[in-house]
Amino acid sequence: MTTASQSEFILETIHVTKQFGGLTAVKDLSIQVPRKSIYSVIGPNGAGKTTFFNCITGFYKVTEGDILLDGESIVGLRPDIIVKKGISRTYQNIRLFQNLTALENVMVGHHPRMKAGWFGAVFNTPGTRREEAEARKLAMELLEFVGLKGYEYELATNLPYGQQRRLEIARALASEPKLLLLDEPTAGMNPSETEEMTNFIDNLRKDLGITVLLIEHDMRVVMTISDIITVLDYGQKIAEGKPEEVRANPRVIEAYLGRGAVTEQETQAA
Amino acid sequence: MDKELKFTWKDMLKYGVIAGVVAIYVILVGMVEAFNERYIIAETINLGQIALFSPVFLLAYFAANNARKIKSSLFAIITSIVVGLIGGAFVAGLLVLGTHMNLRAVFLNVSPELLDILHLGQEGMAGAIAANLIISATVGLLGGLFALMPHKWSNALLVGLSLVLLMGILQELMTITFGNKDWYKPIGEFIYAKKGLSWGGTALFLVLGIVLNLWRSSDKLRPGKKVAKLPRQQQMAVQIVAMLLGLAILLALPKFLGSYPSEILTTVGIYIIMGLGLNIVVGFAGLLDLGYVAFFAIGAYTVGILTTTGKLATVEWNFWMALPVAIFLAMMAGVLLGIPVLKMRGDYLAIVTLGFGEIIRVVVLSDWLKPYIGGAQGILQIPKPKIGNFVFKGPQQIYFLVLAGIIIVGYIAWRLRDARVGRAWKAMREDEDVAEAMGIHLVSTKLLAFATGAAFAGLAGAIFAAKLGSIFPHSFNLIVSINVLSLIIVGGIGSLPGVIVGALILVGLPELLREFADFRMLFYGALLVAMMLVKPEGFVPEKTHARELSEKEPFSSEIEPEAPARETI
Amino acid sequence: MLHKFMRKHDTTDIVMWLIGLGIFAAVIYGSYVTLFVTQKYEPSVWLDFTIFGLAQGSVYALIALGYTLVYGILFMINFAHGEVFTGGVFTAYFLAIAMADSGFIERHWILALLILMAVAMTVSVLVAVILERIAYRPLRGAPRLVPLITAIGASFFLQYTYRGIYGSGVKTYPDFPALDGKLNLFGREWPILTTQALVIVVSAIMMVFLYWYVQKTKAGKAMRAVAEDKEAAALMGIDVDRVIVNTFALGGAMAGVAGILYALLFKQVNAFMGFIPGIKAFTAAVLGGIGNVPGAMLGGLFLGIVESLGPSLILDGLGIPAPYQLKDAIAFTLLVLVLIFRPTGILGERLSEKKA
């Protein structure tokens with residue numbers, strides 16, 4: 001939007017720290033997410049990944065540091081403003097609007113791109129009608145894109161687990177984001193579903209040209225689709241790089257598997 | 001809700017004791033005596049008896065229903081009779097106690113008249129006890145048989161019996177309304193005896209109810225389905241014709257019904273307007289507002305102060321000039337009282353809004369503001385609205401004002417429901433954090449809900465002031481908020497038709513039954529508890545209306561959304 | 001600068017601060033005018049007000065314990081708790097009348113009082129336990145508003161049940177002649193009514209008992225364990241259902257005693273008497289930090305005193321006529337202010353984000 005949009009990175013976090021009372025959940029974390037990349041943040045449970053997401057989306061206020069979207073600081077902005085600026089997200093434990101239909105869920109996702117207000121709705125102005133029809137069309141297309149065609153009028157709560165995950169992504173896409181934050185999209189999935197989801201995420205970038213910031217537990221997923229990986233442990237970055245670099249990093253293995261695993265691997269290598 | 005897979009003699013005893021205790025409760029709280037003069041069927045069965053024996057009937061039904069699943073039908077029948085006997089024994093026990101002890105010192109309702117009623121027409125004590133046991137056992141048996149019937153038939157029978165009950169209750173109203181009309185006389189003579197329905201009338205309505213229900217439940221005959229098969233343009237034509245017909249009926253109603261029923265309808269209508277408003281706040285946006293009556297009061301008082309020609313006269317505007325001010329002030333109050341509770345969730349919000357309502361009531365009643373708003377003496381001499389020469393003087397005229405209000409407010413609510421604003425409200429109701437993360441500005445969205453709801457209440461208050469011609473602070477207490485809340489919960493939270501049904505049941509029916517007035521809040525309270533326990537989605541639940549709008553068949557029609565409302569609030 | 005500030009705070013926050021400041025200024029100004037300009041009241045009057053406030057505050061505190069105990073465990077507002085309170089004192093009324101008629105109260109007033117308390121406690125406990133069993137237990141785990149709506153329904157149901165069964169009139173509790181007049185102790189007269197002294201002492205004893213029960217007994221420890229974490233407590237072999245029933249019963253017992261004390265202070269009972277004290281006690285519980293037992297006690301005393309002093313001290317100074325009519329408004333305003341500005345209460349630490 002501004003001149004800064006020429007910047008090479010869509011998202012930059014600069015020395016971000018988040019404390020809860022005495023507990024530091026994220027410490028001095030700086031990452032740079034290139035345009036149209038798939039960027040993964042991994043780490044053991046409680047490493048501060050979701051907290052980091054919450055800082056980016058404005059749900060938490062960062063204690064220190066800055067977050068730039070297209071070179072523009074978004075720290076301190078309300079979550080709804082940040083969505084408007086182009087970041088949207090999904091949740092680790094699916095958080096759909098349970099008693100709305102799939103279609104309504106996606107249309108709520110499109111909310112920040114719509115303008116109709118109270119009077120437009122009541123007087124059913126041509127502008128509102130057009131906008132509503134367009135939103136509906138977009139939502140239908142998105143539902144089809146994520147493979148939920150035919151489920152438009154089903155309540156979200158009645159959908160099977162895998163479809164709920166994809167509905168959540170469709171809802172996030174409906175806000176036409178530049179950057180999509182996916183929080184463990186394959187959690188609770190079996191191997192074949194996981195593979196399907198992996199391909200789906202890969203397609204997101206290819207078909208829609210969206211940058212994806214991903215939190216993931218499943219190493220296979222991460223290693224397959226990520227361009228860059230950052231590894232967190234106790235809120236701090238312990239490694240960063242391409243999948244193969246991270247894979248070989250002994251600190252990562254240690255964080256994930258404990259000290260013993262490292263020595264074991266070293267012996268094997270030797 | 002733990003369903004154990006056994007049913008023993010102990011369970012049988014338990015159901016019987018519950019039946020007895022509930023029957024005693026119904027007696028002590030005064031219903032049996034109060035309803036005793038309201039005959040339903042041919043001077044034989046009155047509402048008091050129905051109140052007395054319905055606990056036995058219901059519990060025998062539940063017991064038999066559970067027993068049937070585990071054991072034989074015969075066992076179920078025995079169960080129901082035993083439940084009836086135990087229930088009857090409790091009542092007989094109360095009769096004996098009440099005859100020999102002065103229970104009245106504590107239990108106000110154990111009067112000689114009540115004891116006389118409990119004798120069930122028998123002279124001596126032994127006969128009375130026997131009568132109680134026998135009738136109770138019979139009622140229990142009926143409950144048991146009801147449980148054993150196929151579902152379709154018991155449903156139909158239930159509808160038939162309800163229709164009989166309703167028509168019995170309506171007798172007085174029908175006589176007042178149509179008594180002097182020629183066309184009604186033969187009908188009235190046929191269906192009604194002196195007190196209650198005649199046997200012929202009873203049979204007629206019973207059969208009518210059963211037939212109607214069976215006809216409705218056979219799928220092919222539903223008119224809606226037929227219409228749905230027509231091409232789109234004809235569908236619209238049918239809808240428009242139906243709407244015009246409905247409007248014509250609504251417009252003709254007051255003339256046709258006369259003064260007293262119109263009075264009831266205007267009261268119901270004012271509650272519908274408020275219900276539609278609170279439905280936006282509670283049903284759509286999920287904000288439990290217990291101080292809703294405050295906005296109703298602001299609407300009424302604004303009209304009162306601006307139009308009165310009495311002692312407190314100020315500018316003496318006419319109603320139409322005061323109306324927009326009333327709505328605007330109520331709306332502003334909605335925003336102002338909304339601001340402090342923006343960050344509060346659920347239960348705290350409910351308590352704070354309740355606090356607001358009480359503060360306003362206490363302040364209005366105080367001497368402090370008395371010079372301006374009249375204190376407990378209220379505001380008198382509020383002129384009736386008029387258009388040209390047409391004066392909205394009585395209920396038959398105010399009715400049109402109310403109807404216009406309902407149509408406008410209903411239309412607004414209906415438009416908003418499926419629009420961007422309505423979706424934002426519902427999203428917020430479902431999950432506030434996620435709604436915000438989806439780009440919904442919580443502050444403005446919440447305030448919009450409060451403002452809209454409050455504006456509706458302001459309108460209702462304005463009409464209320466014009467209707468009564470005088471207003472007093474005691475008309476604006478917490479009970480009003482609870483009434484409105486009850487009616488939207490009974491109708492179905494978030495459901496627009498539910499508001500209308502809820503208001504007709506909860507406001508309309510009690511107006512017809514004057515002896516019911518004392519038990520009104522008792523029933524509302526019980527109903528709120530029962531609805532939350534058994535049917536949280538209400539009787540006319542909010543459908544996933546997008547389906548109706550869609551042209552094609554829904555994805556899977558057999559999956560009905562089950563009881564979603566518990567999640568929605 | 002301003003830009004940064006606005007980023008951190010909503011306009012609504014600023015509006016709230018302004019309203020808060022306005023109320024604060026009004027309180028200060030009103031008190032100043034009363035104390036230093038008009039000087040309408042003698043110092044001894046202030047003492048009387050304070051003692052009366054302490055007495056009614058003790059009653060609020062006892063009722064507040066019921067709210068706080070239940071909230072601590074189930075995170076629900078037992079809106080019908082005011083009616084639990086009514087049930088006990090209203091039922092005991094009939095016994096009190098009988099005892100007065102037979103002269104029993106005059107002969108053995110302490111015994112009579114103890115019997116009345118026992119009866120009121122029993123009835124209140126019964127109402128509370130039945131309420132839990134029928135109305136609340138099936139809804140455990142439902143969204144928060146569902147049990148709240150149920151509780152509101154139960155509240156009205158109970159009010160009108162009492163009205164139906166016992167009648168709608170206001171009934172006057174019999175007099176305890178032994179408690180008439182000022183307290184005479186150690187050979188001198190104290191500036192406190194005997195009833196007020198009794199109310200304060202009895203409620204203090206009850207509160208000490210409750211504190212001991214919750215802190216020291218096994219049942220109390222189980223209660224705290226369940227409040228902390230229901231699942232973990234269940235895994236440790238604690239019967240959660242039973243602990244919850246215990247909690248309701250304990251709250252009911254306190255409300256029963258509170259009822260009799262209320263009757264000693266105000267003499268009058270009726271079917272709806274519990275509603276306003278109920279909301280005030282809830283205010284007290286919130287003031288002290290809901291879920292916090294000592295907090296509820298302090299909150300109750302504080303509210304009692306504010307309500308007793310407020311009208312004459314603050315409102316009178318602001319030139320409001322008949323300020324005593326507005327004492328309920330003061331209590332509710334306090335409730336609203338606390339929930340807005342300090343929802344965790346004065347002592348509160350309990351109510352964290354997830355519980356709120």
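Each chain gets a letter, A, B and so on, in the order its sequence line appears, and its residues count up from 1. All values below come from the heavy atoms of this structure, side chains included, with hydrogens, waters and symmetry mates left out.
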Value rounded to 0.5 Å, distance of [atom1] in [X] from [atom2] in [Y]:
X	Y	atom1	atom2	answer
B/Asp347	C/Ile77	CG	CD1	4.0 Å
B/Met532	C/Leu139	CE	CG	8.5 Å
C/Leu145	B/Ile493	CG	CD1	8.5 Å
B/Leu478	C/Phe156	CG	CZ	4.5 Å
B/Leu485	C/Ile149	CG	CD1	5.5 Å
B/Asn109	C/Tyr166	CG	OH	12.0 Å

Engaged part of [X] at the chain C interface, taking heavy atoms whose separation is under 4.5 Å:
X	value
B/Phe523	neither
B/Leu354	side chain
B/Leu527	neither
B/Ile339	both
B/Ala105	backbone
B/Ile351	both
B/Met521	both

Please look at [X] and chain B and tell me whether the side chain, the backbone, both or neither of the residue comes under 4.5 angstrom of a heavy atom of that chain.
X	answer
C/Tyr162	neither
C/Arg163	side chain
C/Leu148	side chain
C/Leu326	both
C/Ile276	side chain
C/Tyr160	both

How about [X]: does its [atom1] atom have over 12 heavy atoms from other parts shown lying under 6.0 Å from it?
X	atom1	answer
B/Tyr25	OH	yes
C/Arg242	CZ	no
C/Phe341	CZ	yes

Can you tell which of B/Val352, B/Val341, B/Leu337 makes a side chain to side chain contact (heavy atoms under 4.5 Å, CB included) with C/Val336? B/Val352

Looking at B/Leu108, B/Leu349, B/Val29, which makes the most heavy-atom pairs under 4.5 Å with chain C? B/Val29

Should C/Thr161 and B/Leu522 be marked as a side-chain contact (heavy atoms from CB on, under 4.5 Å) after you check the CA-CA gap, both sets of side-chain angles, and the distance that decides it? CA-CA 7 Å; C/Thr161 296; B/Leu522 186 86; 3.2 Å; yes

For C/Phe157 and B/Ala526, work out which heavy atoms get closest and say how close.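 So the two residues come closest at CD1-CB, 3.7 Å.
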
Taking all heavy atoms of C/Ala329 and all of B/Ile359, pick out the closest pair and write down the distance.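 Here C/Ala329 and B/Ile359 meet closest at O-CG1, 4.1 Å.
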
Step by step, would you call B/Arg361 with C/Asp328 a salt bridge (Lys or Arg N to Asp or Glu O under 4.0 Å)? CA-CA 10 Å; B/Arg361 191 180 60 84; C/Asp328 286 355; 5.7 Å; no

Fit a plane to each ring of B/Tyr348 and C/Phe282, take the angle between them on a 0 to 90° scale, and name the class: parallel (under 30°), tilted (30 to 60°) or perpendicular (over 60°).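 Perpendicular.
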
Taking the side chain as every heavy atom from C-beta outward, state whether B/Leu528 and C/Thr150 have any atom pair closer than 4.5 Å.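 Side chain of B/Leu528 against side chain of C/Thr150, heavy atoms only: no contact under 4.5 Å found.
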
